[in-house]
Amino acid sequence: MEQLGFEGMPRRLYSCTPSRLNTWLDCPRRYRMTYLDRPMPAKGLPWAHNSLGASVHNALAAWWKLPEHERTPEAAGALLERGWLTDGFRDQAQSAGQRARAREMVERYAAGLDPSDEPVGVERTVATRTDRIAVSGRIDRLDERGAELVVVDYKTGRRAQTADDARGSLALALYAIASSRVLRKPCHKVELHHLPSGEVAVWEHTDESLGRHLQRAEQIAAEAQDADEAYRTRLKPTAKPRPGEAPDHAPFDAVFPPSTGSLCGWCDFQRHCPEGQAAAARKEPWAALPAE
Ligand code: SF4
C-alpha cells in the first residue's frame, strides 16, 4: 500500500513495532545496527535479566494454557522451573538463586489470579494501521472486564512501575488502540504488573490521549522512514567491515547519530560504538538482577 509523501512522492506504509519506534527515539545509531545493517553486527553477551524476564513471561503464558483446574500457584512455579533460561548468569549458583526467587514471584502472582477468569488473549499479537503506519506487537495479556478490554504488561525489573510509566508508554497505548480495533471493543485501561513487588500501575486513557500517542507514533515513524530511505538510497559505507571489526559509522552519522548516555552501558552494540564506550562502562550481564 502506498500513500503520497510530503513531497508528493508515493510513499510506502511504514511497518513497525513499538520497540522499533522506541529504538529510533533512544539512539538512531543503535536503530541502524538493529534494523538496517545486514548482516547485523554481533551483539554483546546475553543479559541475565532478559533470561529471567522471558522465563517468567513464558511460565505465565503457559499457565493460562493449562486446563482450568490445574491452574494453581504450584503449577506456575513448576512451569517456571521447567522453562528456566540460563543465559547471562555469572554462574550456576547465581542462576539457581534467581530461579528460586522467580519461582516464589510467579507463585505469589498466580495465587492472586482467578483461574476461571479467562483472558481474551495471552501473548496475543495485535496490529492496526493508519494511512501512514502499520503497527503490530505482542501483548502479554489482554483481559476483558465488563464492557472494556484491559492491556496487561508484566514487568520483572528491579524498579517498581508508576501510573506515569503506564500513561507514558507508547507501546501500551498502541496495544490498546490495536486491541480495540481488532476485537471491536473499547480499550482504554493499561496496566503494568510488577511481579517483584506485586504492585500494579494503572492508567485509564481517554480517546484523546490514545489519539495523541498515535500521532506521536506517526511522527516518530515519519522520521525513521526518512532515515530508512536515506540508508537505502544514498548512504554507503566506504568498506564492508571484516568479521569482528567495528562498522564504519562515518557515512551514516549525519542521519543516524549516536545518542550517548548512561544507557550505553546496557546497549547490545556498545562493542561496535566508540562514542558509547566512552560514555559509559560496560555493565556485567547480570548487573540488572535483583540482589540475591
Ligand atoms: S552504545 Fe550508546 S551511542 Fe552507541 S549505539 Fe549503543 S546506545 Fe547508541
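Counting starts at 1 for both ligands and their atoms, in listed order.
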Subject >> side-chain contact (heavy atoms from CB on, under 4.5 Å) evaluation trace for Arg32 with Leu235 >> reply: CA-CA 12 Å; Arg32 193 200 89 220; Leu235 304 177; over 6 Å; no

**OP:** Could you walk me through whether Leu113 and Arg141 pass the side-chain contact (heavy atoms from CB on, under 4.5 Å) test, one step at a time?
**Re:** CA-CA 13 Å; Leu113 295 171; Arg141 200 175 88 211; 3.8 Å; yes

**OP:** Using a strict cut-off of 4.0 Å, indicate which atoms of ligand 1 neighbour a heavy atom of Gly276.
**Re:**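 Answer for ligand 1: 1 (S).
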
Identify, for [atom], the protein heavy atom at the shortest distance, and state residue, atom and that distance.
atom	value
atom 4 (Fe) of ligand 1	Cys273 SG, 2.3 Å
atom 8 (Fe) of ligand 1	Cys27 SG, 2.3 Å
atom 6 (Fe) of ligand 1	Cys267 SG, 2.4 Å

Subject >> Under 3.5 Å: donor-acceptor pair, side chain of Thr233, backbone of Glu229 >> reply: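 Checking the backbone N and O of Glu229 against the side chain of Thr233, a donor-acceptor pair under 3.5 Å is found.
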
Original post:
So, Asp165 and Arg159, do they make that salt bridge, N to O below 4.0 Å?
Top reply: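 Judged by the 4.0 Å cut-off on N to carboxylate O distance, Asp165 and Arg159 do form a salt bridge.
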
**OP:** Identify whether the distance between the nearest side-chain nitrogen and carboxylate oxygen of Asp228 and Arg12 falls below 4.0 Å.
**Re:**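 Salt bridge absent between Asp228 and Arg12.
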
Subject >> N/O/S atom of Cys264 inside 2.8 Å of atom 2 (Fe) of ligand 1, strictly under >> reply: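 An N, O or S atom of Cys264 is closer than 2.8 Å to atom 2 (Fe) of ligand 1, so yes.
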
Subject >> Under-4.0 Å heavy-atom contact with ligand 1, by part of Ala280 that carries it >> reply: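 It is neither; nothing of Ala280 touches ligand 1.
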
